[in-house]
Amino acid sequence: MSAASVAGEVMEELDAAVRPADDFGEQLLEVSMGPQHPSTHGVFRMNVALDGERVMKLKPVFGYLHRNHEKIAEQETYLGSMPYTDRLDYFCSITNNWAYALAVEKLAGITVPERAEYLRVITGELTRLQNHACLIGFLLQDMGASGTPLMYAFREREKILDLFEALTGARMMCNYMRFGGCRVDLPAGWLEQARGVVAGFPKFLDEFEQLLQSNEILMERTQGVGVLSKELAINAAVSGPMARASGVNYDLRKVDRYGIYDRFAFRVPLGAHGDVYDRYMIRVLEMRESVKILEQAMKEIPGGPIVDPKTKIRGFRPKPGEAYGRIEAPKGELGFYLVSDGSANPYRYRVRPPSLINLTVLEDMCLGRNVADVVIILGSVDIVLGEVDR
Amino acid sequence: MELEVAKAAIEAAVPGCRLEMVVNPSPSAQHSLLMDAEHAVAVATWLRDAEGMRFDYCSNVTGIDWPAKELTEKVKVKKLVDGPNGPEEKEVDEVRKTLVPGFLEVVYHLFSVERRDGPVVLRMRTVDREARVHLPSLTGVWRSADFQEREIFDLYGVVFDGHPDLRRLLMWDEFKDHPMRRDYVEPDDYEYEPTAHDEVLERARQHVIAAGGRTA
Amino acid sequence: MVGEGILKGLAETARNFFGSYVDGERLTTVQFPEQRLAPIEATRDFPFLVYDGEDWHAGMRCVACQICEKECPPKCIYIEKSADKKPDAMGKAQFYPAKFDIDISVCMSCQICVEVCPFEAIKMDTEFELSTDDRFGGLLLHKDKLAKSNEHYHRIHPTEAAAVDAGLAAERMAAEARTKAAAEAKAAADTKAAEAKTAAASMQASGGGTQ
């Protein structure tokens, strides 16, 4: 059974459902939302079959940003893939680096010194802050708030990106983690600057709350919309803030306790309804928890080496075997599955993208809702096409 | 969950299933269970629902391509050899080549949200890489396998029986071939602009000539 | 009252808008390109080759070891080794690159070439206004465009350049100390050999006498 024939059969079935013969009254309107669309968070297409304004069928189509990252990684060395991981979820390059470094460290049995762990937590939580701020901004822009909340969020994000540039040399494509630690240590004055940014963040969150929390339009449009039940969330392996909004108490920082997250006191917010409003609120609350973690980490950071002295930059050949390493990225569970055959290139390199898995239930959440809700529901899933398509 | 414990429990609960432990030599110590295709759905359902197991979260579904390998080994063989006193039996070194057939593999990483446990790694292998590439789909057990199995179908060519919507995911529908296979040959007929090196410039020149343009 | 939330939000927006006329915190943009923000020191854009002294050809630190070419993930570096050698900063005869091309339309500024270079020869520049209208070679930089002086390096990355210079100076001193120690050891060995030779000669002379 060739791929083309299977695809052809399915297309015929879809066609038949959407365009039954000769009855104008029952015909569903098929709309292709995307791939170029300002609200689809990238080149993402949804084939939506509508009955008036109500969604009857929704099939996501993507692959427009497919760069075959996994095959490139089979031809690069392990270190050479690190800059490519920056470009997966391009908003959160540091957490992508971290997940990959964690998987390789599991594969080769490399330990990480304490200062490096603190640096990882600090940069990782800063990434989470700027990702959630941006997401809320984008979600509100999708709702029609014309960019004002987005620009306020970007104002804060710029401060964090300046921190990343001072530390790693690049705003977004940081390439910061190495196997066994971090690439470069904090320059003079960075910690004070970071403390200033983190100290100013709660004020920004309060401003945001003032701007949006009791906004009637926001509440009307998001409460009760795009409900995802807890059972379906677990069964579909939905992870991250989207799962927690549905009441699934599964935060990898608490479950796997990777790195040194068990040293920090922070809470995990859970949602009760699983609708878009809950996903929005979860992200606001998570930002407050991240600020708490940052304050603790920046107070306790010790001195010491930032990379395991035994790691090699060139000629790194882990022994044959495989490993699956995962972290709580801002979008969800980001995992890397590596199979090594003893050579300098991985035999199989797989990215487990949270955005792609979270998209599995997009159709379930959108059925029966209006087209306008589809855009908001997609916004609340928080996808980045670099990760979905790799 | 220790994998031996899980293996024993599954073998007791799903009669007839054939499980094999695949040891993982790396420091990660994430060993896996190779299961047979006929009982896969039963094993998966039991792992998801049984008390004490409750592996309800299928985090990752991966495809791996293992092409056919030729193993050469030197074997000592007794052969009739012409000796000075007529034919006699002597031990001779013979080079034997065996073809280990290739297969496609699908790996599932399972976790338990309820019991905060994992990972339990399951594997399934196809018979070969050409025509007998059917495996049962576990989408009915874990919804998260939906898109991931479609991606394995797209990029590796494993056909999942019972999948509700098996179409290509990342490549376009009319695409032929399966890109992530190790013997994939990429097409040479897409446009690109020449950059530094000689072979790239030469190929670009040939394309322009073939398209009827001048290269001077 | 219906719409109270919206009014609160509008008050917030108004505070930001009017506040941007009086408070520097709220006005976060500058009129680029007339005004520019000071560049951050660690920023990296595309690589360049460092040379010491005045002559970029003689002072270039690169010895064409081709490690950066091998480690570059998108393979944007192309090096051809020279046939002859030229003396480097410590006087040792080394190869040099006859051709060193970087295709900056492919380069992804990952900075791995800088990390693996054993000779501190390639560093990251901060130049980003590099657009050109030449599609087929305008973004392919050759050795002459890539060579920039150590003073330039000090201007763009002062802390890093100071550390690199200190490292190279320490290496040079260690090498000199090693050659000095080797020369002294050799001189001691030579004098010892000469003494042994004269002793043997005198022994032979006196021994020859008795025989």
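The chains referred to below are lettered A, B, ... by the order of the sequence lines, with proteins before strands, and numbering in each begins at 1. None of these values were measured; they are calculated from a predicted model.
Atom CG of B/Asp165 sits about 8.5 Å away from atom CD of A/Glu363, to the nearest 0.5 Å. Taking CZ of B/Phe111 as the start and CG of A/Leu252 as the end, the distance is 8.0 Å to the nearest 0.5 Å. B/Leu170 CG to A/Arg390 CZ: the interatomic distance, rounded to the nearest 0.5 Å, is 6.0 Å. Separation of atoms CZ (B/Arg116) and CZ (A/Arg257) is listed at 9.5 Å; rounding is to 0.5 Å. Going from atom CD of A/Glu322 over to atom CD1 of B/Ile64 covers 6.0 Å, rounded to the nearest 0.5 Å.
With chain A as partner, the option from B/Arg48, B/Met171, B/Gln30 having the largest number of non-hydrogen pairs under 4.5 angstrom is B/Gln30. Per-residue heavy-atom pair counts under 4.5 Å with chain B were compared for A/Val61, A/Leu232, A/Val238, A/Asn249, and the maximum is reached by A/Asn249. Contact count against chain B (heavy-atom pairs under 4.5 Å) is highest for A/Thr360 among A/Thr360, A/Asn68, A/Val361, A/Asp389. No other option in B/Ala145, B/Pro25, B/Ala29 has as many heavy-atom pairs under 4.5 Å with chain A as B/Pro25. Counting heavy-atom pairs closer than 4.5 Å to chain B, the top-ranked of the candidates A/Val248, A/Asn358, A/Asp364 is A/Asp364.
When heavy atoms are compared at a cutoff of 4.5 Å, B/Pro179 approaches chain A by way of both its backbone and its side chain. For B/Val133, no part sits under 4.5 Å from any heavy atom of chain A, backbone or side chain. For chain A, no part of B/Asp154 is nearby; none of its heavy atoms comes within less than 4.5 Å. Contacts between B/Glu114 and chain A at a heavy-atom distance below 4.5 Å are absent for every atom of the residue. Only the side chain of B/Val107 comes within contact range of chain A, with heavy atoms under 4.5 Å apart.
More than 12 heavy atoms of other shown residues, nucleotides or ligands fall within 6.0 angstrom of atom CD in B/Glu70. The environment of A/Arg267 atom CZ is sparse: at most 12 non-hydrogen atoms of other residues, nucleotides or ligands sit within 6.0 angstrom.
A donor-acceptor pair shorter than 3.5 Å can be found between the side chains of B/Ser59 and A/Tyr324.
Each of A/Arg350, A/Glu333, A/Arg326, A/Arg352 was evaluated against B/Asn60; a single residue qualifies, A/Arg350, per the side-chain hydrogen bond (donor to acceptor under 3.5 Å, both in side chains) test. Each of A/Ile357, A/Asn235, A/Ile234 was compared with B/Arg143 under the side-chain contact (heavy atoms from CB on, under 4.5 Å) criterion, and only A/Asn235 meets it.
Within residues 338-349 of chain A, the residues that have a heavy atom under 4.5 Å from a heavy atom of chain B are A/Val339, A/Tyr347, A/Arg348, listed by number.
Side-chain atoms of A/Lys71 come within 3.5 Å of backbone atoms of B/Arg181 as a donor-acceptor pair (strictly under, hydrogens ignored).
Residue A/Ala237 comes nearest to B/Cys58 through the heavy atom pair CB-O, 3.3 Å, listed as atom of the first residue, atom of the second, then distance. Between A/Ala108 and B/Pro27, the shortest heavy-atom contact is C-CG, 3.7 Å.
Between B/Tyr57 and A/Tyr250, the gap from one ring centroid to the other is short of 6.0 Å.
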